[in-house]
Number of protein chains: 2
Amino acid sequence: MNKNLQRMATMHRMQVKGLELFYRQGYYNTSIDDILKSLELSKGAFYHHFDSKEDFFISIVQNLIVQKVYALLIEPLERKGEPFTALIECFDNALLTAENNEMDHGFVLGNFMTEFNGRNPEIMKYLTDLYKVWEVNLVTALQRGKSDGFVDRHVDVEGVATYIISSYFGLRTLMVEGNARSLRYNYIQQLRGYCRTLRPKAAV
Amino acid sequence: MNKNLQRMATMHRMQVKGLELFYRQGYYNTSIDDILKSLELSKGAFYHHFDSKEDFFISIVQNLIVQKVYALLIEPLERKGEPFTALIECFDNALLTAENNEMDHGFVLGNFMTEFNGRNPEIMKYLTDLYKVWEVNLVTALQRGKSDGFVDRHVDVEGVATYIISSYFGLRTLMVEGNARSLRYNYIQQLRGYCRTLRPKAAV
DNA sequence: AATTTCACCGACCAAGTGGTCGGTCTTCCG
DNA sequence: CGGAAGACCGACCACTTGGTCGGTGAAATT
């Protein structure tokens, strides 16, 4: 096999498994040996490709998490038209994957932000940067919604964006055990109700 | 000094410092030696009072966190009258302490729920139990608000409770670096707006 | 065919980790 | 006063951690 392909393949395998274990067990609670054991690879292989555990994690953020957040949470907001429908659909999809115990990359971000906050500024920077991109895009979408008459002109779009993302991150914190389904349902109901109050008021 | 008092005092010192470090650095990222070093106490002292690191943490939950959550987040809701004012005041206070880098015990709870989710069911149980008490009390307060005519009778009180707590937990995830002040302001504004939409509609 | 490159191996290391245990010294109680 | 109780000490243990390094064998280059 082509050596470069080989290299990429191995690195990718490590990153995918690494993300899975870091997400499930936490970064500090997951050793490199854990990852290597489940891949049947050696220490040598790992340090041949990555400088350190930290470097490894950053490569996961850049290669896996960033892409997913863009694809699943940011790009869908760029559609023209009424922004709330797209947003709610996004969230509903994400929560549905979470319900099936697959990885919900929106929350992967929130989860790691919690774990690294105040503990690893280097990694934290990559995470908050990604978060900010998401936030800015949400703000932009709302702003455009305002111009297009889908959002009331008195609405504070930044405040709304923060509030919406907050509620999403927080909900995922509560999504443990078998209560995911009803939480998702309740949450989407409330989010829908909240968004409805942001639409233009009938002329007075 | 009285032996029993001595015992209590030492245990309490360990718990307070333990909570501080576990909260700041994470449970898995904080060693018992870390705590003992900063208290100038020995391993022997620790294992004389506690069975294990896990047992120690549970004692912290029961002795420190439970009390604070009750005092700061649950009891204020039990007042008669319009529930939203009490709620918003609670949250504003909590966020203010967080802004000053003191411990906000509401978020201490959410933070640890994130850290232990899927990693330590034993500890998780204590945390989710406490969370449920909080939630139930919020639901009760909203229900009472409904009876007293402060909350619209069509409102789904459980959904609202979940949504409010979610938004709070999530906001705290975003409260990093120096942006706490504006986040708090924006958040309280939005929360206020959201609560307003839950009040009884004028008769049609 | 000879040589260089490089993906991967795995024994090894120092520095921790949670936890044990025999001991000391003060306080308490008969 | 004398002995038991118990708060606290700190050396020690087995094990895990992130990370190093000399090696091997197959593929790529010459």
Side-chain angles (χ1 to χ4, degrees), chain A residues 1-61 63 112 115-116 119-123, chain B residues 1-61 63 112 115-116 119-123:
Chain A
M1 197 201 294
N2 178 299
K3 265 191 191 177
N4 201 39
L5 276 183
Q6 175 81 12
R7 177 190 174 81
M8 297 302 241
T10 306
M11 286 177 78
H12 192 252
R13 278 181 70 213
M14 288 179 182
Q15 289 166 334
V16 169
K17 180 61 78 177
L19 176 55
E20 183 195 323
L21 294 188
F22 286 147
Y23 178 62
R24 275 206 344 243
Q25 315 177 18
Y27 176 83
Y28 292 110
N29 197 30
T30 302
S31 69
I32 295 178
D33 277 340
D34 284 346
I35 298 164
L36 295 171
K37 204 179 297 168
S38 78
L39 290 174
E40 299 191 356
L41 284 170
S42 67
K43 271 277 170 71
F46 183 87
Y47 283 96
H48 179 66
H49 294 300
F50 303 100
D51 290 343
S52 64
K53 190 182 181 186
E54 181 173 315
D55 172 63
F56 176 55
F57 185 83
I58 292 173
S59 85
I60 291 177
V61 175
N63 289 292
F112 285 132
E115 182 163 12
F116 289 111
R119 290 158 210 171
N120 188 320
E122 170 86 9
I123 291 182
Chain B
M1 198 202 291
N2 178 298
K3 265 193 194 174
N4 201 39
L5 275 184
Q6 175 81 14
R7 176 187 174 84
M8 297 303 240
T10 305
M11 287 177 77
H12 192 254
R13 277 180 70 212
M14 288 179 182
Q15 289 165 334
V16 169
K17 179 61 77 175
L19 175 56
E20 183 195 324
L21 293 188
F22 286 147
Y23 178 62
R24 274 201 350 237
Q25 315 179 20
Y27 176 83
Y28 293 110
N29 198 30
T30 302
S31 70
I32 296 180
D33 277 340
D34 284 347
I35 298 163
L36 294 172
K37 203 179 298 169
S38 79
L39 290 174
E40 299 192 355
L41 284 170
S42 66
K43 270 279 172 68
F46 183 88
Y47 283 95
H48 179 65
H49 293 300
F50 303 101
D51 290 343
S52 65
K53 190 183 180 185
E54 182 173 315
D55 172 65
F56 175 56
F57 186 82
I58 291 173
S59 86
I60 290 177
V61 175
N63 289 290
F112 285 133
E115 181 163 13
F116 289 112
R119 290 159 210 170
N120 188 320
E122 170 85 10
I123 291 181

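A, B, ... follow the sequence lines: proteins, then strands. Residue 1 opens every chain. Only heavy atoms go into these numbers, but all of them, side chains included; no hydrogens, no water, no symmetry mates.
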Output a table of nitrogen or oxygen pairs between the protein and nucleotides 3-5 of chain D separated by less than 3.5 Å.
unit_1 : atom_1 : unit_2 : atom_2 : d
D/dA5  : N3     : B/K3   : NZ     : 2.9

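- For the side-chain hydrogen bond (donor to acceptor under 3.5 Å, both in side chains) condition, the pairs that include at least one residue of residues 8-17 of chain B, sequence neighbours left out, are B/Q15-B/S59.
- Two end axes, each from the C1' atoms of five base pairs, can be drawn for the helix from C/dA1-D/dT30 to C/dG30-D/dC1; they diverge by 0°, to 10 degrees.
- Within residues 46-56 of chain B, the residues approached by DNA chain D to less than 4.0 Å at the level of any non-hydrogen atom are B/H48, B/H49, in residue-number order.
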Criterion side chain to side chain contact (heavy atoms under 4.5 Å, CB included) on A/F112 and A/L19, from CA distance to verdict: CA-CA 11 Å; A/F112 285 132; A/L19 176 55; 3.9 Å; yes
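- A distance of 12.5 Å separates CG of B/D51 from CZ of B/F56, quoted to the nearest 0.5 Å.
- B/K53 and B/F22 get closest at one heavy-atom pair: CE-CE2, 4.0 Å.
- The B/N2 side chain lies nearest to C/dC28 when the options are C/dT20, C/dA7, C/dC28.
- Rounding to whole angstrom units, NZ of residue A/K43 and C1' of C/dC13 are separated by 10 Å.
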Show me, pair by pair, the donor-acceptor contacts under 3.5 angstrom made by side chains of residues 25-32 of chain A, not counting sequence neighbours?
unit_1 : atom_1 : unit_2 : atom_2 : d
A/Y27  : OH     : A/E54  : N      : 3.4
A/N29  : ND2    : A/Q25  : O      : 3.4
A/T30  : OG1    : A/L21  : O      : 3.4
A/T30  : OG1    : A/G26  : O      : 2.6
A/S31  : OG     : A/D34  : N      : 3.1
A/S31  : OG     : A/D34  : OD1    : 3.3

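- Inter-residue side-chain proximity for B/E122 and B/F116 is flagged as unmet; no heavy-atom pair is nearer than 4.5 Å.
- Under the 4.5 Å side-chain criterion, counting only non-hydrogen atoms from C-beta, B/R7 is in contact with B/H48.
- Between A/E20 and A/R24 there is a salt bridge, with a side-chain nitrogen of the basic residue lying less than 4.0 Å from a carboxylate oxygen of the acidic one.
- In this structure, the CG atom of A/L5 is 15 Å from the P atom of C/dC6, given to the nearest Å.
- D/dA7 atom C1' lies 12 Å from atom CE of B/M11, rounded to whole Å.
- Of all heavy-atom pairs between A/L36 and A/M14, the closest is CD2-CE, 4.4 Å.
- Pairing each heavy atom of A/I123 with each of A/F57, the nearest pair is CG2-CE2, 3.6 Å.
- Listed by residue number, B/T30, B/S31, B/I32 are the residues of residues 24-42 of chain B with a heavy-atom contact under 4.0 Å to DNA chain C.
- Note that CG of A/N4 is 10.5 Å distant from CD of A/Q6, once rounded to the nearest 0.5 Å.
- For B/Q6, no side-chain nitrogen or oxygen approaches OP1 or OP2 of C/dT26 to under 4.0 Å.
- Note: B/D55 CG to B/I60 CD1 = 10.0 Å, rounded to the nearest 0.5 Å.
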